[in-house]
Each structure stands twice: as C-alpha cells, then as structure tokens.
**Student:** 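Take a look at this one; I'll ask things after.
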Number of protein chains: 2
Amino acid sequence: MGSNIHHPAVDEIELTAVMHALSDPARLKVVRTLAVEEERACGTFDLGVSKATASHHYKVLREAGITRKRIEGSHHYLTLRREDLDARFPGLLDAVLAADLAGAAR
Amino acid sequence: MGSNIHHPAVDEIELTAVMHALSDPARLKVVRTLAVEEERACGTFDLGVSKATASHHYKVLREAGITRKRIEGSHHYLTLRREDLDARFPGLLDAVLAADLAGAAR
DNA sequence: GCTGGTGTTCGATAATCGTCAAACTCATAT
DNA sequence: ATATGAGTTTGACGATTATCGAACACCAGC
C-alpha cells in the first residue's frame, strides 16, 4: 500500500499541538536545524536520545503540522512546513526561530 | 515576610516553559482574556475547571514568566507581562494572540 | 539468497501533567 | 468572634509523556 504517513491540512493545524510540539528541547533543535538546512534525513540530527525516542519526536512534529516527511529509498527526509505555518499562524515560527538565536537552548 | 510569589526575571524566561504554558486551552484563554482586559482577578475567568485547577494554571503561567500577580486585599490580580515577553521573544505573544482570533479554540 | 543500514513500532517504565475534593490561609465583612 | 469569600496548598487519581531496548519492515548492496 501507499505511504500511510499523515500530514494535517493547513487548516487542521492546531495551535495547542504546535505549542506543545515546540515545548521540547529536542524537537526545537530539529526545527532550528531545518530552518537553516532546508531538508535533512532523520538520522542526521544529533539529539542525544535513542533512535526510538528521536523517531517519536519526528512523529510529534509531523502530526502537529510542523514538519513534512518524504521517503526516498531507505531514507526519510524532513522539511519544515514553513509556508503552511506562516499561513496558519503568521509570525509564530519566525518568533520561535528568532528566540532560539537569542537564548541558546533556553 | 513579604510575599513569596516569584516572578522570573526577563532573562530567566525560558522558551520551552513559555511554549508549554501556552499549549493548554485553559491557560491560553487566560492569556487571551488578559490581552484584552489588562487586569483581572483570578476568579473572573470562566475556565470550566475547579478552583484548584484554575489556581494551578495561574501558577504555571506565572512561573513561565507570562503573567504577573498582584495581591490586593483578598483578591489576586493578574496581568500579562507583555513588554517582558516582547523583549525576550519578540513577536511570539503577538503571533499567539493573532492565532487565537483566527482559529477559535484550535 | 544474505547482510548492513535506516527508520518505525511495540511494550515497558518512570516522570510529568491535568484534574478534583478537602483542608488551609488570609482578608473582609457582620 | 464568627462567619463568608477569594485563592492556594495538599494529597490523590488517571492520563499523557519521554525514554529505552528489542523486534520489526524496508531498501541497498554483496
């Protein structure tokens, strides 16, 4: 069967889910990295957690509508859903990314 | 002794704590209300939860640096730390408040 | 075929969280 | 002083969460 991975539509993205997804340091690091790097394979984020845990974080980000996953061969590539987030919650992602620059991991 | 209520300094406000605090519908409602109303007593938010639960939410918001509490007589008044939040994470609060307008409770 | 690499899913566990009722503190009445 | 009202604190409970190892699925080579 085709890929079962689900990405919420733009108008299905919920603020509470986005806020929750971005309240974890590991997930914040993924988002921060994708904001610079555009597209990266799952394995290339050094999150300091196990593969299983990292996979869980990818799922939370995807289901919140923050990232999109593309499967190519044996690699899973992540991208930021920048335009979708900007359309749904203007300024939110920019504010979060700017905050990361200011305050290290705070 | 003076009041023991602690408010984090501006540079102690952590992004993850703010994001977590704003990931709950009841707390979001408090913030949304304070954005319009400027100052309100704790009891005047109809959150649909018990007093104990509401008090817990006030504490989470205060400890995250989002609200400030002022005690006057037997009333506890809450205000939004708008300038502090804007200084620490420019655009974040505005984005959240704008999002609330767009998407009801989503 | 097999083997190695990439990533997910499945329990399981420990920690955190949201919720409440009950007891409490403090101020303001009467 | 006795009550009433505003809010907090204290357990306690169930639900969610973050974490891991182990097993699994899939693809790309050998």
Side-chain angles (χ1 to χ4, degrees), chain A residues 1-7 14-31 33-34 37 39-79 105, chain B residues 1-7 14-31 33-34 37 39-79 105:
Chain A
M1 277 154 287
S3 52
N4 279 359
I5 41 174
H6 176 247
H7 297 89
E14 298 187 16
L15 180 60
T16 51
V18 170
M19 298 305 280
H20 171 249
L22 297 179
S23 71
D24 181 277
R27 293 193 291 259
L28 222 29
K29 186 172 184 179
V30 171
V31 170
T33 304
L34 288 177
E37 200 88 13
E39 184 172 54
R40 290 188 61 154
C42 287
T44 67
F45 302 92
D46 187 21
L47 302 181
V49 296
S50 71
K51 276 196 310 176
T53 301
S55 187
H56 160 70
H57 287 314
Y58 302 144
K59 188 177 183 180
V60 172
L61 285 169
R62 175 173 49 80
E63 291 181 340
I66 296 173
T67 58
R68 174 165 277 125
K69 183 159 72 174
R70 180 176 68 85
I71 300 180
E72 185 180 313
S74 63
H75 292 259
H76 295 208
Y77 292 97
L78 299 185
T79 52
Chain B
M1 279 150 288
S3 53
N4 279 359
I5 41 175
H6 177 247
H7 297 89
E14 298 187 15
L15 180 60
T16 51
V18 171
M19 299 303 281
H20 170 248
L22 296 179
S23 71
D24 181 277
R27 293 193 291 259
L28 223 29
K29 186 172 184 180
V30 171
V31 170
T33 303
L34 288 176
E37 200 88 11
E39 183 173 54
R40 290 187 63 154
C42 288
T44 68
F45 301 92
D46 187 22
L47 301 181
V49 296
S50 72
K51 275 195 311 177
T53 301
S55 187
H56 160 70
H57 288 314
Y58 302 145
K59 187 177 184 180
V60 172
L61 285 169
R62 176 173 49 80
E63 290 181 341
I66 296 173
T67 58
R68 175 165 276 126
K69 183 160 72 176
R70 181 177 69 85
I71 300 182
E72 185 180 313
S74 64
H75 291 259
H76 295 209
Y77 292 97
L78 300 186
T79 52

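Order of the sequence lines fixes the chain letters, A, B, ..., with proteins taken first and strands second; residue numbering starts at 1 for each chain.
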**Student:** With H57(A), which residues qualify under side chain to side chain contact (heavy atoms under 4.5 Å, CB included), at least two apart?
**Tutor:**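 With sequence neighbours excluded, H57(A) shows a side chain to side chain contact (heavy atoms under 4.5 Å, CB included) to D24(A), A26(A), R27(A), T53(A), given in chain and number order.
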**Student:** Test of understanding: with side chain to side chain contact (heavy atoms under 4.5 Å, CB included), list the residues that count as partners of E39(A), not counting sequence neighbours.
**Tutor:**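 For E39(A) the side chain to side chain contact (heavy atoms under 4.5 Å, CB included) partners, ignoring immediate neighbours, are R70(A), Y77(A), T79(A).
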**Student:** Please state how far atom CZ in R70(B) lies from atom P in dG7(D), giving the value in whole angstrom units.
**Tutor:**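 In whole Å, dG7(D) P and R70(B) CZ are 12 Å from each other.
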**Student:** Check side chain to side chain contact (heavy atoms under 4.5 Å, CB included) between T44(B) and all other residues, then give those that pass, not counting sequence neighbours.
**Tutor:**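 For T44(B), the residues satisfying side chain to side chain contact (heavy atoms under 4.5 Å, CB included) (neighbours in sequence not counted) are R40(B), A41(B).
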**Student:** Mind checking side chain to side chain contact (heavy atoms under 4.5 Å, CB included) for K59(A) and listing every partner two or more places apart, or none if nothing turns up?
**Tutor:**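 Residues passing side chain to side chain contact (heavy atoms under 4.5 Å, CB included) with K59(A): R62(A), E63(A).
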**Student:** What is the separation between atom NE2 on H76(B) and atom P on dG5(D), rounded to the nearest whole Å?
**Tutor:**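 That distance rounds to 17 Å.
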**Student:** Rounded to the nearest Å, what distance is computed from the NZ atom of residue K59(A) to the P atom of nucleotide dT17(D)?
**Tutor:**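 Distance, rounded to whole Å: 11 Å.
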**Student:** Measure from CD1 on I71(B) to P on dG5(D) and round the result to the nearest Å.
**Tutor:** 20 Å
**Student:** Quick one: Y77(B) OH to dT8(D) P, roughly how many Å, whole number?
**Tutor:** 13 Å
**Student:** Give me the atom names and distance for the closest heavy-atom approach of L34(B) to F45(B).
**Tutor:** CD2-CZ, 3.8 Å
**Student:** Please report, rounded to the nearest Å, how far the C1' atom of dG7(D) is from the CZ atom of R40(B).
**Tutor:**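 Rounding to the nearest Å, CZ of R40(B) and C1' of dG7(D) are 16 Å apart.
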**Student:** In B/S/- notation, 5' to 3', how is nucleotides 18-30 of chain D contacted by protein heavy atoms closer than 4.0 Å?
**Tutor:** SBBB-----SS--
**Student:** How many Å lie between CD1 on I5(A) and C1' on dG7(C), as a whole number?
**Tutor:** 12 Å
**Student:** Nearest whole Å is fine: how far is dT17(D) P from M19(B) CE?
**Tutor:**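 About 16 Å, once rounded to whole Å.
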**Student:** Check A54(A) against V49(A) and note the closest heavy-atom contact, atom names and distance.
**Tutor:** N-CG2, 3.8 Å
